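Note sheet for the following structure.
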Amino acid sequence: MQSAQAITADFLDLTESPQRVELIAKKGNKSLHIRSLSELEVGAEYVTERGNKLVRCSPDEAVLAGKVRLPVEVAPVPAESVASSASTGTSSTWQTVSRTHSKLVLNVVKSAADSAIGMRVFNADMGDFAEVLRVTPNGAAAKAGVKVSDLLLAINGQRVRTEEDAAALTAAGGVHVFELARPKKGGKGGPLADPRAREAAVPFNAFSLAAAAR
């Protein structure tokens, strides 16, 4: 299995500046640099200089390291939407949240023996992402640096709107790439800054990641 750092570095480069990544095409063993993932041949396999496998499995999607999905933009994207949503699949809601939050990417390593990733999330009517409600001490999420009030935008390149989404995307062991938004220092915090409000917002019968992963 490739290192978490190598997967994340390739993920960031391929979604933000593909031209920085040197690829080796399995067919013909040719080296190439691309400006966009849309230049990759559908069905073809490539290897990044960090050793991660990259496959364009369909016209609108590529897969890195066997599980991290990368959307392929096949048409020009308005400049105002590139930074907010084109590379991660999050909606325009991010444009509003970005005023008070900073974006970050974390590697969450879950062992095959773990039944859950070690956190609770919920959707506070924010739309295309969820907020972290609880983080289990010494759990996989906590060890990676996930914090209460972080907004969970995507896991392995796929949107996360609910706890069920997060459970399904982290059911397998291994490295999971979390895209998060964290309240900026001196800001007002997450959408529900009062912990009591967060507790009240979660239904009594809400899924836990542990239950959903079974």
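Count residues from 1 along the sequence. Side chains are part of it too, since the values below use all heavy atoms of this structure and drop only hydrogens, waters and symmetry mates. If you're wondering where the values come from, they're calculated on a predicted model, not measured in any experiment.
- Residues C57 and V63 share a closest heavy-atom pair of SG-CG2, 3.7 Å.
- The closest side-chain heavy-atom distance from E131 to S149 is below 4.5 Å.
- Atom CG of N156 sits about 9.5 Å away from atom CG of L64, to the nearest 0.5 Å.
- For the residue pair A142 and T136, the shortest heavy atom distance occurs at CB-O, 3.3 Å.
- Under a 3.5 Å cut-off, the side chain of D165 and the backbone N or O of T162 do form a donor-acceptor pair.
- Heavy atoms only, all atoms of each residue included: D150 and P183 are closest at OD1-CD, 4.3 Å.
- L23 is listed as a side-chain neighbour of I34, based on a closest heavy-atom distance under 4.5 Å.
- The shortest heavy-atom contact between N107 and A144 is O-CB, 3.1 Å.
- Considering all non-hydrogen atoms of both residues, K110 and A140 come closest at CA-CB, 4.3 Å.
- Note on K103 versus E179: salt bridge recorded, some NZ/NE/NH1/NH2 to OD/OE distance being below 4.0 Å.
- Remark: the backbone N or O of A44 is not paired with any side-chain donor or acceptor of K27 at under 3.5 angstrom.
- With rounding to the nearest 0.5 Å, the separation of CG in L151 from CZ in F129 is 5.5 Å.
- Contact record, K67 with G173: NZ-O, 4.4 Å, taken as the closest heavy-atom pair.
- The OG1 atom of T100 sits 13.5 Å away from the CZ atom of R182 when rounded to the nearest 0.5 Å.
- The distance from the CZ atom of F11 to the CZ atom of R69 is 13.0 Å, given to the nearest 0.5 Å.
- Here the straight-line distance linking atom CG of N138 with atom NZ of K143 works out to 6.0 Å at 0.5 Å rounding.
- Judged by distance alone, the side chain of Y46 and the main-chain N or O of L40 form no donor-acceptor pair under 3.5 Å.
- The shortest distance between side-chain heavy atoms of L180 and V105 does not fall below 4.5 Å.
- Looking at K53 and E45, a side-chain N of the basic residue comes within less than 4.0 Å of a carboxylate O on the acidic one, giving a salt bridge.
- In terms of modelled atom types and a separation under 3.5 Å, the side chain of T8 and the main chain of Q5 share no donor-acceptor contact.
- Residue I7 holds its CD1 atom at 10.0 Å from NE2 of H176, rounded to the nearest 0.5 Å.
- The pair R50-D13 meets the salt-bridge criterion, with a side-chain N (NZ, NE, NH1 or NH2) lying under 4.0 Å from an Asp/Glu carboxylate O.
- There is a path of hydrophobic side-chain contacts, each under 4.5 Å, that joins L54 to L32.
- In this model, a donor atom of one side chain and an acceptor atom of the other lie less than 3.5 Å apart for E22 and S31.
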